[in-house]
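Here the structure comes first, spelled out in structure tokens, and everything after it is commentary.
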Amino acid sequence: MDGYQIKTKPNDLDPEIDFTFAVNPNGHYIGNPETAAWLCDERGIAPELASPNHGVCSIGFCEKEQKWYGWSHRAIFGFGVGSKVAKGDCAYVPDNPEELIEEHANWLDGKDAEQRRAECQILEDRSGIRILHSPFLIEAVASIDDLAAAMEGEDHETETVDLHGGENAVSIQKCGRGEWVAQNLEDAKQMAIDFAESVG
């Protein structure tokens, strides 16, 4: 259990219920204790943040296998020296802005592809694209009490939420390496990061 610590704090939504979770030695959130035990104890992976601005560990190094792993709640995969990334793989990131635009346009099985293409602008230095996000609205329960009511099949309040963050939401997507082979462990780490971002 050297790779993580279990912590408990009151749940922000309901202070009468404690929230139990695991953190790595730097205090970065891994997930629930079962996830931490599986990653650290069973797999021998040392979880860490893929980027300093992330809030959840999604990559980690396995000393025994000499591999970097990337994961989300959907999938996990390991990369070592000699690992290859090809078009169509989860860790594949196009090496040109035109292909980034096509990937963005074809997200969600190509639904609204023309609109999604129109959201994109190629950066002047061709290092990536700027995406001027259209609203992505969903209906969500309005409160914890409404969630409980919804689970019981009772009437409840909902609110419209924009998953893109509201009007004028902009993001930058940088070009990657396209198809490539990991020559060293730093390359393998980048593959793990790309994989985690893809499946996250």
Side-chain angles (χ1 to χ4, degrees), residues 1-7 21-104 106-108 120 122-131 133 163-165 170-200:
M1 200 160 113
D2 296 330
Y4 63 98
Q5 295 178 325
I6 304 299
K7 299 206 171 210
F21 58 99
V23 297
N24 72 4
N26 294 321
H28 301 135
Y29 180 79
I30 297 171
N32 62 38
E34 294 79 15
T35 298
W38 184 77
L39 286 168
C40 302
D41 298 338
E42 292 183 38
R43 300 296 305 263
I45 297 170
E48 62 181 71
L49 300 178
S51 170
N53 63 345
H54 289 185
V56 179
C57 294
S58 60
I59 65 166
F61 187 64
C62 178
E63 184 74 36
K64 181 180 178 183
E65 296 178 20
Q66 289 294 293
K67 284 186 176 181
W68 278 95
Y69 280 84
W71 64 83
S72 76
H73 59 289
R74 294 184 192 140
I76 183 169
F77 199 81
F79 301 88
V81 175
S83 290
K84 298 176 183 177
V85 171
K87 189 171 184 176
D89 293 346
C90 287
Y92 178 80
V93 180
D95 60 359
N96 63 81
E98 290 81 8
E99 198 173 339
L100 283 176
I101 290 171
E102 286 310 303
E103 280 201 349
H104 179 72
N106 292 314
W107 184 67
L108 288 180
C120 300
I122 296 175
L123 298 176
E124 286 183 24
D125 63 1
R126 294 189 51 80
S127 64
I129 60 175
R130 178 182 299 108
I131 304 170
H133 294 282
L163 294 183
H164 284 158
V170 177
S171 66
I172 301 293
Q173 187 173 357
K174 291 295 205 170
C175 293
R177 297 189 187 186
E179 295 186 332
W180 63 297
V181 178
Q183 302 295 322
N184 52 50
L185 286 175
E186 278 304 306
D187 287 349
K189 182 178 183 180
Q190 186 60 53
M191 286 181 175
I193 291 169
D194 292 342
F195 179 87
E197 289 181 359
S198 172
V199 298

Hey, does the side chain of N32 reach the backbone of E34 with a donor-acceptor pair shorter than 3.5 angstrom?
yes
Would you mind reporting whether V81 and Q66 have side-chain heavy atoms less than 4.5 Å apart?
no
To the nearest 0.5 Å, how far apart are CZ in F77 and OH in Y69?
8.5 Å
Once side chain to side chain donor-acceptor pair (under 3.5 Å) is applied, what residue pairs with a partner in residues 173-182 remain, sequence neighbours excluded?
S127-K174, R177-D187
Could you give all pairs that pass the side chain to side chain donor-acceptor pair (under 3.5 Å) test and reach residues 72-86, with sequence neighbours left out?
none
Would you tabulate the side-chain donor-acceptor contacts of residues 190-200 under 3.5 Å, counting partners in other chains and residues two or more places apart, or write 'none'?
unit_1	atom_1	unit_2	atom_2	d
Q190	NE2	D194	OD1	2.9
S198	OG	C90	O	2.9

Validation row: V85, V93 side chains within 4.5 angstrom (heavy atoms):
no
Between P97 and G128 the two heavy atoms that sit nearest each other are CB-O, 3.8 Å
Minimal heavy-atom distance between A22 and I6, with the atoms involved, is CB-CD1, 3.9 Å
Lys/Arg N to Asp/Glu carboxylate O, E98 vs R126, below 4.0 Å:
yes
Chi angles and distances behind the side-chain contact (heavy atoms from CB on, under 4.5 Å) call for I101, I122
CA-CA 8 Å; I101 290 171; I122 296 175; 3.8 Å; yes
Passes side-chain contact (heavy atoms from CB on, under 4.5 Å), I59 versus K189? Steps please.
CA-CA 8 Å; I59 65 166; K189 182 178 183 180; 3.9 Å; yes
Answer yes or no: is there a side-chain heavy-atom contact under 4.5 Å between V23 and H28?
no
Could you tell me the separation between the SG atom of C57 and the CD1 atom of I30, rounded to the nearest 0.5 Å?
5.5 Å
Does the side chain of E99 come under 3.5 Å of the side chain of Y92 through a donor N or O and an acceptor N or O?
yes
For G3 and P25 the tightest heavy-atom approach is O-CD, 3.3 Å
Distance from I129 atom CD1 to S171 atom OG, nearest 0.5 Å?
7.5 Å
Side-chain contact, heavy-atom cut-off 4.5 Å: I76 with W38?
yes
Is the backbone N or O of A91 less than 3.5 Å from a side-chain atom of D89, with the two atoms forming a donor-acceptor pair by type?
no
Working to the nearest 0.5 angstrom, can you tell me the gap between I45 CD1 and E63 CD?
12.5 Å
Flag the pair Y4 / P47 as yes when at least one side-chain heavy-atom distance between them is below 4.5 Å, and no otherwise.
no
So, taking the atom named CG in L185 and the one named NZ in K67, what distance separates them when rounded to the nearest 0.5 Å?
11.5 Å
